[in-house]
Protein chains: 2
Amino acid sequence: MVLEELLEQLKKIGIRLTPQRQEIMLVLVERFQEGGPPLSADEITRHVRMRYPGISLDTVYRTLATFTKEGLVRELQFRDHSRRFELVRKGEHHHHLVCLSCGNIKKIPYCPEDCLERTRECYPEFEIKDHSFNVYGYCPKCRED
Amino acid sequence: MVLEELLEQLKKIGIRLTPQRQEIMLVLVERFQEGGPPLSADEITRHVRMRYPGISLDTVYRTLATFTKEGLVRELQFRDHSRRFELVRKGEHHHHLVCLSCGNIKKIPYCPEDCLERTRECYPEFEIKDHSFNVYGYCPKCRED
DNA sequence: ACACGTTATAAGAATTATTCCTATCTAGGA
DNA sequence: TCCTAGATAGGAATAATTCTTATAACGTGT
């Protein structure tokens with residue numbers, strides 16, 4: 001099961017396996033498995049509180065920062081200024097199509113690898129670590145208005 | 001001259017040509033001409049205040065929103081949560097390479113058009129308007145640390 | 001199983017960026 | 001020149017995130 005793998009990974013990293021962290025990881029894994037859109041810190045907090053009511057927002061933010069630093073989670077920043085988080089799974093890579101009206105998010109299964117490669121050639125002195133590709137538009141529902 | 005062209009464009013659009021708007025446009029044009037990185041709202045405000053001390057932050061934000069809506073300005077959102085603005089010039093299109101350590105920004109002259117096209121094919125019911133492609137890494141200076 | 005030291009947490013204060021409110025002002029058409 | 005819709009200044013309000021600090025608890029070593 002994915003969750004256990006990840007908890008094992010957390011142990012290896014050498015950070016403490018607290019119940020709060022486990023719950024946050026569980027929420028991220030569930031969202032990944034159902035294929036839904038990335039979650040905001042607030043959404044994650046609300047989900048975690050269903051099963052772990054006392055958790056503080058600060059803990060959620062700190063934990064997400066830790067997970068991101070360890071490469072378990074990817075942090076996303078969209079043009080509407082919303083900040084979202086999603087689980088990183090090895091061998092799986094995608095980008096996002098975002099509705100400018102309702103914020104609805106779809107996965108894009110393509111990746112601009114050629115552009116990335118050309119960027120590396122253009123700036124060989126940069127140590128390139130990551131990239132983001134977002135497409136913005138209006139979803140079918142919002143086009144009607 | 002670029003500035004006059006743009007002021008003319010503002011007139012055509014039908015919004016009032018106030019001195020505040022002219023100053024903000026001037027700052028954006030100067031930055032475009034010197035080829036420097038996009039500006040934050042705060043940087044723009046500081047620049048505008050050198051020549052127009054009384055301008056309020058709210059006016060800067062409102063004006064940038066107006067310019068963005070009219071397609072004269074592009075709003076950028078990077079992973080460090082910084083929000084920046086740059087002039088849009090027809091026939092010129094680029095993306096950004098951002099240093100994760102110092103925030104240094106370089107222009108990328110390539111564009112993932114193929115990915116964009118494939119995204120259109122994948123989601124034909126979406127009305128695609130725009131996209132962003134950001135590459136993150138460490139600049140030469142920051143690699144040393 | 002237990003104690004200890006390190007690290008994580010909760011709670012709320014503080015910070016920062018942005019937007020809202022409202023009284024006043026002004027660009028530009030008549 | 002006058003008039004009015006739209007714009008501005010200034011400060012209050014909001015929202016998201018981070019900081020502070022006292023308390024709690026993970027997991028190593030006994």
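Keep in mind the model is a prediction, meaning the values are calculated, not measured.
- Rounded to whole angstrom, the span from the CG atom of A/Asp58 across to the P atom of C/dA14 amounts to 15 Å.
- One can place CD1 of A/Ile24 at 9 Å from P of C/dA10, the figure rounded to the nearest angstrom.
- The side-chain hydrogen bond (donor to acceptor under 3.5 Å, both in side chains) search around B/Arg16 returns none, not counting sequence neighbours.
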Original post:
Could you go step by step and tell me if B/Ser82 and B/Asp80 meet the side chain to side chain donor-acceptor pair (under 3.5 Å) rule?
Top reply: CA-CA 5 Å; B/Ser82 72; B/Asp80 62 355; 2.8 Å; yes
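- Relative to the axis of its first five pairs, the axis of the last five pairs of the helix from C/dA1-D/dT30 to C/dA30-D/dT1 sits at 30°, rounded to 10 degrees.
- Where B/Leu57 and A/His81 each meet DNA chain D at their nearest nucleotide, the meeting point lying more 5' is that of B/Leu57.
- At least one donor-acceptor pair under 3.5 Å links the side chain of B/Arg143 to the backbone N or O of A/Glu125.
- Taking atom CG of B/Asp42 as the reference point, atom C1' of C/dT15 lies 14 Å away to the nearest angstrom.
- A salt bridge between A/Asp130 and A/Arg74 is absent, with no side-chain N of the basic residue lying under 4.0 Å from a carboxylate O of the acidic one.
- Proximity of B/Gln20 to the phosphate of D/dA9: a side-chain N or O atom is located under 4.0 Å from OP1 or OP2.
- B/Ser56 has no side-chain polar atom (N or O) that falls below the 4.0 Å cut-off from OP1 or OP2 of D/dG10.
- Other residues, nucleotides and ligands contribute more than 12 heavy atoms inside 6.0 Å of the CZ atom of A/Arg118.
- Counting to the nearest Å, the C1' atom of D/dT18 and the CG atom of B/Asp80 are 15 Å from each other.
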Original post:
side-chain contact (heavy atoms from CB on, under 4.5 Å) between A/Met25 and A/Leu7: does it pass, once the steps are laid out?
Top reply: CA-CA 8 Å; A/Met25 189 49 94; A/Leu7 297 184; 4.3 Å; yes
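- Straight-line distance from the CG atom of B/Leu10 to the P atom of C/dA27: 15 Å, rounded to whole Å.
- Side chain B/Arg16 to base D/dG6: a donor-acceptor pair is found below 3.5 Å.
- For A/Arg62 against C/dT9, a side-chain-to-base donor-acceptor contact under 3.5 Å is absent.
- In the set D/dT8, C/dT18, C/dA10, D/dT8 carries the atom at the smallest distance from any side-chain atom of B/Thr59.
- At a cut-off of 3.5 angstrom, counting only N and O atoms as typed in the model, there is no donor on one side facing an acceptor on the other between the side-chain of B/Arg21 and the base of D/dA7.
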